[in-house]
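Beneath this line is the structure, given in structure tokens, with notes to follow.
Every chain is numbered from 1, with letters handed out A, B, ... down the list of sequences. Computed from a predicted structure; not experimentally measured.
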Number of protein chains: 2
Amino acid sequence: MTAADFGDPYSVLRPVRSGNTFEETIEHLLQAIRVGLFPPGQKLPPERDLAEHLGVSRATLREALAELQTAGFLEIRRGRYGGTYILEAPNAAPQGVQHMDPLQRRDVLVFRAVLEPAAAELAAQADLSASAREHLQGCLSDLEGADRASYRARDARFHIAIAELSGSPSLITAVTDTRARVSALLDEIPLLPANLEHSNAQHLAITTAILHGDGARAKSLMIDHLEGTASLLRGFLT
Amino acid sequence: MTAADFGDPYSVLRPVRSGNTFEETIEHLLQAIRVGLFPPGQKLPPERDLAEHLGVSRATLREALAELQTAGFLEIRRGRYGGTYILEAPNAAPQGVQHMDPLQRRDVLVFRAVLEPAAAELAAQADLSASAREHLQGCLSDLEGADRASYRARDARFHIAIAELSGSPSLITAVTDTRARVSALLDEIPLLPANLEHSNAQHLAITTAILHGDGARAKSLMIDHLEGTASLLRGFLT
DNA sequence: ACACCATGGACTGAAATCAGTCCTTTGAGG
DNA sequence: CCTCAAAGGACTGATTTCAGTCCATGGTGT
């Protein structure tokens, strides 16, 4: 354990707001993009819908969108059949990358090691519909066809797809949030072709286990897969 | 799966704000109280501290506190050595108890079955300090000495204590949130002395396993324990 | 008694946020 | 061409939230 005392009331009385609405909206959208939910070329829902779903006024949402456009993530087009289009992630390397501190790193890795194997097991045990199976396989083949630029996002997307099959909204949300944090971590280290191939083999194996309904195997494969990334990270970030 | 399509963008683009600051602040405080973090008789931190930690202005915090006082959860005293004291939870049964819908019920139970066994295992595997051990045992004996009125809160507190030993802030937060939801569920069914005794035996066994560093056992005991509550709930709520 | 001071109580003006309304753009279809 | 409709763009006034400041209360310790 760290500095925090046990029973520290402030671990529950954490911030109600992590910034102003405007900033949180940006973060939210950025997470959705980084995590591969909106592939480049696709467009976001209309502002009015989006604002409603985000629980934010359209004015505030528009400020956030304008900022993201300036930063090069979006292109906004007017007129009928216009909309907010997602662009290729600006290669502009994470500028102010504030290296995540070691405690947070540990937290992310531990937490995802809790969530993702469980998600894989649940997914395998679930009674999957045809569309569910297709969705998973679709995410897998997208990932296999990815280049360096698109790999991280599609990888995240694939892992989230597994959580989606679990059928627990809370789990989906938790996996998504954690994946966004993992991606931030991964951006600090290089993407090696060897690791990439190995990962893809694991992705395939996990998918197969899930589609065969083999929960135990899906879980243990996922544990191995995560351990691979974790040790990679430990190696590069010391 | 349910209505939500796979890859539904709105599962990530969820509300940035779940209400106004004032309401969220009330919810936050109420959760901390219900979950046993602030036992009756104790007082909350000074308003100025609390406001800062919650990331909310003191004005807004005070509105929330005033509301909670009106509702009978708090008593606010002025002067030196004054403060905001927690009262016995108003027996005022959950008034507008909006029975949780079946999908949410399933979600809560699934999610906590993911989190809590993992937390127990991590706790057992961790290198526990003396104060950590004391903390866990303290929560356990508080729980054993609980009466009907205080049982739920102390039960929650005990389960959260286990998560605290895991050393992962994200896991602590997730367990806490989920526990608050479980408590809401449990408030819909009666508290039977027989179940209560059985639960206490399980709590003791789990604690023992954790303190002995037996992760596998702690985990499997926790799974059994949760399954007990889950089937109880399934029985009463049909 | 008295001074102290940590704590809650109250007020003010600025800033953020919202809901509602109306304007502008632009591709599709007739 | 012209019209329509679905999208973004812009404005307004009300409401919420904030940071900062000063006041009031009432145990403690001299």
Side-chain angles (χ1 to χ4, degrees), chain A residues 9-10 13-29 32-33 38 41-87, chain B residues 9-10 13-30 32-33 38 40-87:
Chain A
Y10 288 121
L13 296 179
R14 61 193 179 292
V16 171
R17 299 271 125 115
S18 49
N20 55 34
T21 309
F22 163 65
E23 290 166 346
E24 280 191 63
T25 304
I26 289 187
E27 256 326 299
H28 234 80
L29 292 169
I33 294 172
F38 291 100
Q42 202 177 310
K43 63 178 179 180
L44 292 175
E47 293 181 354
R48 290 166 175 84
D49 287 13
L50 200 47
E52 193 181 334
H53 279 276
L54 291 177
V56 149
S57 76
R58 207 179 139 220
T60 305
L61 169 64
R62 278 172 53 64
E63 281 182 72
L65 291 176
E67 185 96 355
L68 287 172
Q69 183 177 36
T70 303
F73 288 94
L74 300 174
E75 183 197 341
I76 304 178
R77 283 188 229 139
R78 300 182 64 168
R80 181 86 137 94
Y81 293 71
T84 310
Y85 291 79
I86 285 83
L87 299 179
Chain B
Y10 289 121
L13 297 178
R14 61 192 179 292
V16 172
R17 300 270 123 115
S18 50
N20 54 33
T21 308
F22 163 65
E23 289 166 347
E24 280 191 61
T25 304
I26 289 185
E27 256 328 297
H28 233 80
L29 292 168
L30 217 41
I33 294 172
F38 291 100
Q42 201 178 312
K43 63 178 178 180
L44 293 175
E47 292 180 354
R48 290 167 177 83
D49 286 14
L50 200 47
E52 194 181 334
H53 278 276
L54 292 178
V56 149
S57 76
R58 206 178 139 218
T60 305
L61 170 64
R62 278 173 52 65
E63 280 183 74
L65 290 175
E67 185 96 354
L68 287 172
Q69 182 177 38
T70 303
F73 287 95
L74 299 175
E75 184 196 341
I76 303 178
R77 283 187 230 140
R78 301 183 62 170
R80 180 93 140 91
Y81 292 71
T84 311
Y85 291 80
I86 284 84
L87 300 178

Stretch residues 66-73 of chain B: residues that reach within less than 4.0 Å of DNA chain C through a heavy atom: none
Min side-chain heavy-atom separation Thr60(B)-Asn20(B) under 4.5 Å: no
Show the atom names and distances, to 0.1 Å, of all donor-acceptor pairs under 3.5 Å that link a side chain in residues 71-79 of chain A to residues at least two apart or in another chain.
{"residue": "Glu75(A)", "atom": "OE2", "partner": "Arg77(A)", "partner atom": "NE", "Å": "3.3"}

Per-nucleotide protein contact string for nucleotides 12-24 of chain D (B base, S sugar-phosphate only, - none; heavy atom under 4.0 Å): -----SBS--B-B
Side-chain touch Leu50(A)/Thr84(A), heavy atoms, less than 4.5 angstrom: no
Spacing of Arg62(A) atom CZ relative to dT24(C) atom C1', expressed in whole Å: 11 Å
Sequence neighbours excluded - salt bridge (Lys or Arg N to Asp or Glu O under 4.0 Å) pairs with any residue from residues 61-72 of chain A: Glu47(A)-Arg62(A)
OP1 or OP2 of dT25(C) under 4.0 Å from side-chain N/O of Arg77(A): no
CD1 on Ile26(B) to CG on Leu61(B), rounded to 0.5 Å: 10.5 Å
Whole-Å distance separating the CD atom of Glu75(A) from the C1' atom of dT25(C): 15 Å
Rounded distance in Å - CD (Glu47(A)) to P (dC11(D)): 15 Å
Provide a list of protein-nucleic acid N or O atom pairs under 3.5 angstrom, restricted to nucleotides 28-30 of chain D.
none

Glu23(A): salt bridge (Lys or Arg N to Asp or Glu O under 4.0 Å) partners, not counting sequence neighbours: none
